[in-house]
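See structure below.
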Amino acid sequence: MTLFRIGTIIFAFIPFYFGVTGLWFGAAQLMDGQPFSSAMDNQFRYLSGVYIGIAAMLFYSAGDMVGRALVFRMAILAVFIGGLGRLLSYLSLGGAESWQLGGMALELIAPVFILWQAKVIQSAR
């Protein structure tokens with residue numbers, strides 16, 4: 001269970017980092033000096049807050065992997081759905097930064113964590 005807990009905490013730092021930097025720097029960090037609307041920045045910062053919420057759910061679930069299993073699964077579901085959104089963008093618009101493609105790959109395989117969690121819970125019982 002300890003390895004899974006450590007993996008969860010490490011994984012949680014990913015959305016936490018992107019959430020904090022997104023809140024702090026806004027959409028400007030991705031625009032390379034190109035103009036963008038205030039509505040785009042507003043949405044970007046909102047979604048950055050959602051990242052922090054997902055990270056909080058993952059950190060919280062790491063404290064009790066059995067009792068908070070549903071919280072963990074819901075957070076992973078949110079991550080996976082985000083990955084599907086990235087995939088849709090990639091398929092319809094093409095190109096993405098390498099870190100975005102890496103994020104998409106991690107998000108799309110995130111449900112593997114649910115399978116790992118099930119094994120951890122089974123062995124804990």
Side-chain angles (χ1 to χ4, degrees):
M1 183 170 304
T2 302
L3 181 61
F4 183 74
R5 181 173 285 136
I6 291 168
T8 299
I9 291 168
I10 290 169
F11 187 73
F13 272 109
I14 298 169
F16 181 76
Y17 169 79
F18 284 108
V20 169
T21 58
L23 280 175
W24 189 259
F25 297 109
Q29 67 182 328
L30 298 179
M31 297 306 296
D32 293 329
Q34 300 295 315
F36 57 93
S37 69
S38 60
M40 179 184 194
D41 186 72
N42 183 288
Q43 186 69 11
F44 186 86
R45 291 178 195 250
Y46 165 78
L47 292 172
S48 295
V50 172
Y51 274 179
I52 293 171
I54 291 170
M57 291 169 68
L58 291 168
F59 286 129
Y60 175 75
S61 67
D64 179 1
M65 296 309 299
V66 176
R68 300 173 188 163
L70 183 58
V71 173
F72 177 83
R73 291 179 187 142
M74 296 306 293
I76 294 297
L77 176 63
V79 168
F80 177 71
I81 292 170
L84 291 176
R86 285 190 201 266
L87 180 61
L88 178 61
S89 175
Y90 181 77
L91 293 175
S92 60
L93 300 175
E97 299 292 326
S98 60
W99 63 268
Q100 291 170 316
L101 293 174
M104 179 177 66
L106 188 58
E107 291 155 356
L108 292 175
I109 64 165
V112 170
F113 276 94
I114 293 174
L115 298 174
W116 188 12
Q117 179 202 40
K119 288 183 99 170
V120 168
I121 289 172
Q122 187 178 22
S123 69
R125 291 185 174 159

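Shown are F4, F59, F113; of these, the ring pair (Phe, Tyr, Trp, His ring centres under 6.0 Å) with F11 is made only by F113.
F44 CZ: more than 12 foreign heavy atoms inside a 6.0 Å radius. Heavy-atom neighbours of Y60 OH from other residues, nucleotides or ligands within 6.0 Å: at or below the threshold of 12.
Under the 4.5 Å side-chain heavy-atom criterion for grouping Ile, Leu, Val, Met, Phe, Trp and Tyr, L106 is connected to V50 within one hydrophobic cluster. Placement of L108 and I114 in two distinct hydrophobic clusters is found when ILVMFWY residues are connected by side-chain heavy-atom separations under 4.5 Å, directly or transitively. Under the 4.5 Å side-chain contact rule for hydrophobic residues, M65 and W116 share a cluster.
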Determine all donor-acceptor pairs shorter than 3.5 Å in which one atom belongs to a side chain in residues 93-103; sequence neighbours excluded.
unit_1 : atom_1 : unit_2 : atom_2 : d
Q100   : OE1    : E97    : N      : 2.8

Quick one: side chains of residues 13-35, donor-acceptor pairs under 3.5 Å with protein atoms, not counting sequence neighbours, listed by atom name and distance.
unit_1 : atom_1 : unit_2 : atom_2 : d
T21    : OG1    : Y17    : O      : 3.0
T21    : OG1    : F18    : O      : 3.3
Q29    : NE2    : G26    : O      : 3.4

Identify all side-chain donor-acceptor contacts of residues 70-84 below 3.5 Å with residues at least two apart in sequence or on another chain.
unit_1 : atom_1 : unit_2 : atom_2 : d
R73    : NE     : Q117   : OE1    : 2.9

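Under a 3.5 Å cut-off, the side chain of S89 and the backbone N or O of G85 do not form any donor-acceptor pair.
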Stepwise side chain to side chain contact (heavy atoms under 4.5 Å, CB included) test for D64 and V66:
CA-CA 6 Å; D64 179 1; V66 176; 4.1 Å; yes
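Under the rule for a side chain to side chain donor-acceptor pair (under 3.5 Å), N42 has no partner lying at least two apart in sequence or in another chain. The salt bridge (Lys or Arg N to Asp or Glu O under 4.0 Å) check on R68 picks up nothing, with sequence neighbours excluded. Taking the side chain to side chain contact (heavy atoms under 4.5 Å, CB included) definition, one finds that S38 meets it with nothing, sequence neighbours left out.
Here the side chains of R5 and I9 are in contact, with some heavy-atom distance below 4.5 Å.
Distance check, rounded to the nearest 0.5 Å: CE of M104 to OH of Y90 gives 6.5 Å.
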